[in-house]
Each structure stands twice: as C-alpha cells, then as structure tokens.
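I am attaching a structure below and will ask some questions about it afterwards.
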Amino acid sequence: MAQGLRLVLFGPPGAGKGTQSQLLTDRYKLAHVSSGDLFRKNLQQGTPLGIRAKEFMAQGVLVPDEVTIDIILTEVISINTEDGFILDGFPRNTRQALELEGALATRSRGVDHVVHIDVSEPELVRRLGGRYICWGCQAPYTVETDAELQACERCGGELYQREDDRPDAVKRRIVVYREETLPLLTFYRERGILVDVPGDDTIDEVNRRIVAALEP
Ligand code: AP5
Ligand code: MG
C-alpha cells in the first residue's frame with residue numbers, strides 16, 4: 001500500500017524526523033524533502049541561500065518565511081502527483097502550513113497524515129549531544145566514542161557535528177519549537193490528520209508504531 005502517501009514528520013529537534021524519514025522513504029519509496037538538509041547542502045556549496053540561512057541556523061532560530069516557503073514548495077510541486085513524499089522539518093509555523101495547504105490544493109489532494117513524534121526534553125538533549133551527520137547525504141548517526149566515528153553506512157561520506165548541536169543552540173531550538181511550531185499540532189488535529197507517536201523508545205520501536213498507524 002501507501003503508493004503516493006503524503007506525510008509530514010513533525011516533532012522537536014532530535015525527535016528522529018530524519019532517522020524515521022529514511023526508514024519510511026525506503027519502505028514506501030517516497031521522495032524526502034527536508035528543509036534543514038536543503039539549507040545545509042546550500043551552506044556546503046556556499047550558495048546565496050546557504051549564506052543567508054547560516055546566520056539563522058547557527059543561532060537555532062527559524063530561517064525567515066520569505067526565504068523558506070518558496071524553496072520548499074517549489075520542491076514539493078515538482079514531485080509527480082502520483083508519487084508520494086515526506087516533508088521533514090516543514091511546515092514549522094502557521095503561515096508555512098497555510099501556504100503548503102494552498103500549494104497542494106492545486107495538486108489533487110492535501111497531506112494524508114502528520115506524524116507527531118513526541119520525545120521528552122532530556123532525551124532530545126542527550127541525542128543531539130551525540131549526533132554526527134554525513135557530509136554527503138546528511139544521514140544522522142549517534143556516536144558515543146571516537147571508535148564509532150566511521151564513514152557513512154549509506155554513502156561512505158565523512159561524519160561531522162552540526163554547528164546548531166552546540167548546547168546553547170539546542171536550547172534555543174527547543175524554545176523556538178515550543179513557541180512557533182507546537183501550535184501547529186492544534187491546526188492539524190482540527191483537520192483530523194494528526195497521528196501522535198510516543199518517540200522515547202528505540203528507533204525500530206518508533207518505526208513500528210508509525211507504520212502501524214499508517215497501515216491500520
Ligand atoms: P532541521 O535540520 O530540520 O533540524 P531540527 O528540526 O532541529 O531537527 P533535527 O534534524 O535536529 O532532529 P531530527 O528530528 O531530524 O532527529 P534525527 O533523526 O537527526 O533544521 C535545522 C535548522 O534549519 C532550524 O533550526 C532552522 O534554522 C532551519 N529550518 C529548517 N526548516 C525550517 C523551516 N521550515 N522554516 C524555517 N527554518 C527552518 O535524530 C537525532 C539523533 O538521535 C541522531 O543521532 C539519531 O541517530 C538519534 N536517534 C533518532 N531516533 C532515535 C531513537 N528512537 N532512539 C535513540 N536515538 C535516536
Ligand atoms: Mg533532521
């Protein structure tokens with residue numbers, strides 16, 4: 001099933017949106033659109049978009065809507081209508097959600113499910129403190145000792161720590177999530193498409209819960 005599924009993965013920094021996106025895109029063959037990955041790729045390439053986004057990302061605050069919305073919606077509407085997608089990290093405020101709704105209104109139907117991965121704050125801080133990501137494909141890894149710091153299993157790329165995983169930026173990102181992004185839970189609950197998934201457990205268990213919710 002699930003060909004053409006349209007999903008939003010929603011949750012605080014470190015909830016596992018990127019991790020679960022990979023598992024779900026492999027399982028359902030969906031396109032993965034991650035706003036954070038897109039900004040980081042532009043940053044690596046030194047594009048004007050990357051340079052503009054960097055100052056906001058490093059501080060742990062949202063990149064302005066004027067920069068973000070067009071870029072992400074252009075990606076979304078370029079996906080064939082019969083193919084599905086996962087949005088990871090977008091939308092992050094009400095304006096972004098309304099713009100997404102408007103863009104999808106011209107693409108046969110809206111988002112099918114918004115999967116909210118709910119994780120406690122101490123666990124978020126623990127995960128982000130040990131996270132490394134691949135320079136090439138952005139896959140996230142947890143690294144607790146230097147011996148574990150090896151090449152990316154997916155593409156062989158080098159692993160590095162994100163600048164916004166410093167403790168002060170992590171704190172800021174969690175506050176920004178609570179203040180600007182969390183109100184979207186009500187927005188999507190009212191539309192009847194919100195799925196709540198407890199996310200403090202293992203990667204496999206969280207994945208099992210998401211799949212069970214999508215394939216009742
Ligand atoms: P973005 O890159 O989207 O970051 P984020 O939302 O803060 O989320 P993270 O990527 O940090 O966490 P994740 O949920 O993907 O967790 P992961 O799977 O890596 O955004 C970065 C910045 O870009 C923003 O701050 C903002 O400036 C800008 N931006 C992005 N989108 C924007 C938008 N729409 N509007 C405006 N600005 C925007 O997992 C974390 C770690 O935990 C990994 O090490 C992983 O291996 C591990 N892990 C995952 N699941 C588990 C588990 N179940 N148990 C144990 N470990 C786990
Ligand atoms: Mg991520």
Side-chain angles (χ1 to χ4, degrees), residues 8-25 32-43 49-50 52-73 75-76 86-97 99-100 115-120 122-134 137-144 148-149 152-154 159-166 168-182 184 197-210:
V8 168
L9 279 201
F10 188 92
K17 301 182 295 296
T19 305
Q20 296 298 332
S21 289
Q22 277 180 359
L23 297 172
L24 295 169
T25 49
H32 178 207
V33 180
S34 160
S35 40
D37 288 358
L38 191 85
F39 288 139
R40 278 184 291 278
K41 274 184 212 145
N42 275 274
L43 189 58
L49 169 68
R52 179 90 204 279
K54 179 182 163 65
E55 55 180 306
F56 300 98
M57 294 176 81
Q59 289 172 45
V61 299
L62 295 187
V63 178
D65 286 342
E66 292 66 34
V67 179
T68 307
I69 292 175
D70 273 358
I71 304 280
I72 299 299
L73 293 186
E75 287 261 314
V76 172
I86 295 185
L87 287 177
D88 159 6
F90 184 95
R92 256 171 149 104
N93 60 30
T94 308
R95 179 168 165 204
Q96 293 182 8
E99 295 274 357
L100 174 66
V115 178
H116 168 217
I117 309 174
D118 193 14
V119 176
S120 65
E123 176 66 7
L124 298 174
V125 172
R126 188 192 71 76
R127 287 184 192 176
L128 294 178
R131 175 173 60 183
Y132 279 70
I133 65 166
C134 171
C137 72
Q138 312 264 337
Y141 293 91
T142 300
V143 175
E144 276 158 12
E148 291 170 346
L149 195 55
C152 173
E153 285 168 11
R154 295 173 81 92
L159 304 187
Y160 77 103
Q161 264 187 310
R162 275 170 47 175
E163 195 180 350
D164 62 351
D165 280 347
R166 293 185 327 266
D168 56 328
V170 167
K171 269 193 204 142
R172 185 84 198 119
R173 283 157 64 202
I174 292 174
V175 169
V176 168
Y177 173 77
R178 277 207 221 102
E179 291 177 353
E180 300 187 43
T181 307
L182 210 49
L184 278 185
V197 174
D200 270 19
D201 294 286
T202 63
I203 292 172
D204 287 348
E205 176 56 20
V206 174
N207 188 248
R208 195 196 58 72
R209 287 178 187 152
I210 295 174

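Order of appearance sets the numbers: ligands from 1, and atoms from 1 within every ligand.
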Residues in salt bridge (Lys or Arg N to Asp or Glu O under 4.0 Å) contact with D164, at least two apart in sequence or another chain:
R162, R173
Side-chain donor/acceptor of Y141 to backbone N/O of E148, under 3.5 Å:
no
For the residue pair Y177 and F10, categorise the inter-ring angle as parallel (less than 30°), tilted (30 to 60°) or perpendicular (more than 60°).
tilted
Answer yes or no: is there a donor N or O on one side and an acceptor on the other, between the side chain of D88 and the main chain of H32, under 3.5 Å?
no
Could you tell me the separation between the CZ atom of R52 and the CE atom of M57, rounded to the nearest 0.5 Å?
13.5 Å
So which residues, sorted by chain and number, lie with a heavy atom under 4.0 Å of ligand 1?
P12, P13, G14, A15, G16, K17, G18, T19, S35, G36, F39, R40, M57, V61, L62, V63, T68, G89, F90, R92, Q96, R127, L128, R131, P140, Y141, T142, R162, D164, R173, D201, T202, I203
Any sub-3.5 Å donor-acceptor pair from K171's side-chain atoms to R166's backbone N or O?
no
